[in-house]
Amino acid sequence: MTEHHPQASSEEIFDAALGSPVQDITAEDAAAVFNQAARAHNRLAELPIDVRLEGLRKLLDYLVEHRDEAIDILCRETRKCRTDALVSEVLGVLDNVEWLLKNARKALSEKKVSTPITLLGKKSRIVHEPLGTVLIIAPWNYPLHIGLTSILAAYVCGNAVVYKPSELTPMQGLFEKLFQVDPILGDSIQVVYGTGTTAQQLIRQKPAKVFFTGSARTGRKILAQCAELLIPVDLELGGKDQAIVFDDVHLDRAVKGVLWGALTNAGQSCSSVERVYVQDTLYPAFVQRAKAEIDKLVVNSGDLGNADIGGMTADFQLDIVHQQVVDARAKGAKVLCGGATLVENELFYLPTLLTNLDSSMLILQQETFGPLVPIVPFSTEEEVVTLSNSTEFGLSASVWSRDLQRANRVARRLECGAVSINNVMLTEGNPALPFGGTKASGYGRQKGVEGLLGYTRSKSLLIDSDSSKIEPNWYPYTRAKYQLFDQLIQALFSHSPWKLIKAAVIGMKLESLGSKDR
Ligand code: NAD
């Protein structure tokens with residue numbers, strides 16, 4: 001970030017083109033997709049997890065080998081810069097696949113659980129079964145990472161997967177190539193292109209569960225459609241993530257970390273830093289340093305890895321971002337840099353630093369999803385926690401302080417799904433940590449064991465042996481049994497050190513009554 005590159009001329013700027021227009025599918029097409037998925041799911045049910053893991057291993061190797069091709073498509077369709085595509089998309093996926101390869105077998109294996117003394121002699125197990133055919137609907141900001149991590153987690157659990165990418169970044173053909181590395185994988189996952197209308201057609205086919213990542217607006221519509229059909233839904237929605245910077249931090253690291261969190265992927269990340277709260281004693285130095293660092297950033301795409309910030313994927317998103325700057329300026333905010341598009345290409349918005357902000361401004365209320373850095377001073381821990389929790393969103397946050405006790409205390413008081421301490425957006429970097437939000441940021445978890453189990457249904461097994469024994473709680477009910485059960489409760493839930501012995505004696509008496517008639 002410190003290296004300076006001259007800004008690109010218009011000829012050098014990659015002429016990003018959004019993916020080719022997609023046609024929506026018909027109800028018949030959607031039914032055919034789900035019929036094929038049902039057949040695939042039946043075939044999968046016959047096969048052990050090793051077969052699925054083998055597919056993942058081949059896909060990982062293929063993606064490592066063909067990463068340049070994937071990055072070219074990503075940069076073309078999203079306009080992101082090459083380093084964002086390499087690190088956040090490709091490396092992010094590879095880390096996740098590796099985690100699945102190492103951990104999925106154990107996470108999905110049958111679990112033995114305890115059985116209470118009242119059920120003496122029996123065994124209890126939990127089996128994690130696949131759901132069937134699951135539908136994954138994805139957004140345009142991280143088409144490879146969000147798409148593949150959800151698809152592969154669903155598949156490794158034994159589900160057939162129907163995947164609907166965003167119509168803005170379909171990356172047509174890339175996923176198909178990846179899945180064709182293995183016949184079972186290729187057979188079990190289908191990519192269906194189209195707009196929201198296609199997604200609605202697919203939901204009408206009653207998938208076992210819908211996994212949606214996208215805006216809160218669309219999330220509400222999906223929830224309404226699924227409610228009618230009683231389809232469970234996991235929602236990964238938007239955010240208004242905050243960075244909280246106390247005055248005891250190492251300034252250089254905190255400034256660079258916060259700026260990266262706000263500007264990576266040109267701010268088009270659900271967990272981008274969208275509010276920076278800096279303790280008032282550090283505030284002037286932080287703002288000055290942030291401005292100096294932003295001035296060094298290179299905005300460009302179609303680069304060789306030496307641009308810091310790429311373009312905006314959607315022109316409508318760019319309008320939302322600019323509107324927030326216009327609104328803030330009109331209400332008295334200072335725009336210290338940026339606030340406009342790159343002269344050479346109107347789809348590249350300049351990193352924009354804003355101060356003098358107040359809560360009436362859209363920039364502090366609504367999701368931005370663009371390269372804006374609004375910095376707000378605070379004085380006390382209490383105040384910053386209240387400010388932090390004042391939006392409708394609750395995805396993730398970062399807390400910066402040398403005092404780890406304080407950082408931990410604040411992290412636990414934030415209403416959100418994840419907090420990075422003295423780092424930023426890093427909870428997402430560890431595939432072992434579950435990822436998801438609270439409040440309007442959605443519910444359900446991706447990644448980690450918890451995320452994986454979200455693609456399964458647990459089945460409980462209680463195993464007893466075949467014998468001549470008649471359970472005492474079966475018929476006939478008699479006065480004698482009643483009294484013994486009553487004594488059993490008194491014995492078991494007493495505080496006596498002999499309670500287990502007493503319960504065992506009563507239990508034996510009850511057993512002997514089990515086989516007797518009235
Ligand atoms: P979006 O809601 O516009 O679209 C997402 C997907 O939903 C697309 O595939 C779209 O075709 C589909 N869709 C549209 N209307 C639909 C309908 N009526 N029924 C079913 N599907 C429909 O979101 P977007 O603009 O692509 O993505 C940006 C949003 O996603 C931001 O709000 C961002 O914060 C959020 N996001 C969240 C996470 C997370 O993990 N929490 C990750 C990335 C992005």
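Just so you know, ligand 1 is whichever comes first in the structure, and atom 1 is the first atom listed for that ligand.
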Identify the heavy atoms of Ala397 and Leu414 that sit nearest to each other, and give their distance. CB-CD1, 3.8 Å
Would you please name every residue forming a ring-ring contact (aromatic ring centres under 6.0 Å, His included) with Trp99, sequence neighbours left out? none
Any heavy-atom pair between the side chains of Val410 and Val385 that's under 4.5 Å? yes
For Lys58, salt bridge (Lys or Arg N to Asp or Glu O under 4.0 Å) partners two or more places apart: Asp182
Hey, which of Glu367, Glu274, Gln242, Lys439 is the one that makes side-chain contact (heavy atoms from CB on, under 4.5 Å) with Phe393? Glu367
Identify, chain by chain and in numerical order, each protein residue with a heavy atom under 4.0 Å from an atom of ligand 1. Ile137, Ala138, Pro139, Trp140, Asn141, Ile146, Lys164, Pro165, Ser166, Glu167, Thr195, Gly196, Ala199, Gln200, Phe212, Thr213, Gly214, Ser215, Thr218, Lys221, Ile222, Glu236, Leu237, Gly238, Cys270, Glu367, Phe369, Leu395, Phe435
Of all pairs that satisfy ring-ring contact (aromatic ring centres under 6.0 Å, His included), the ones with a partner from residues 211-230, not counting sequence neighbours: Phe211-Tyr455
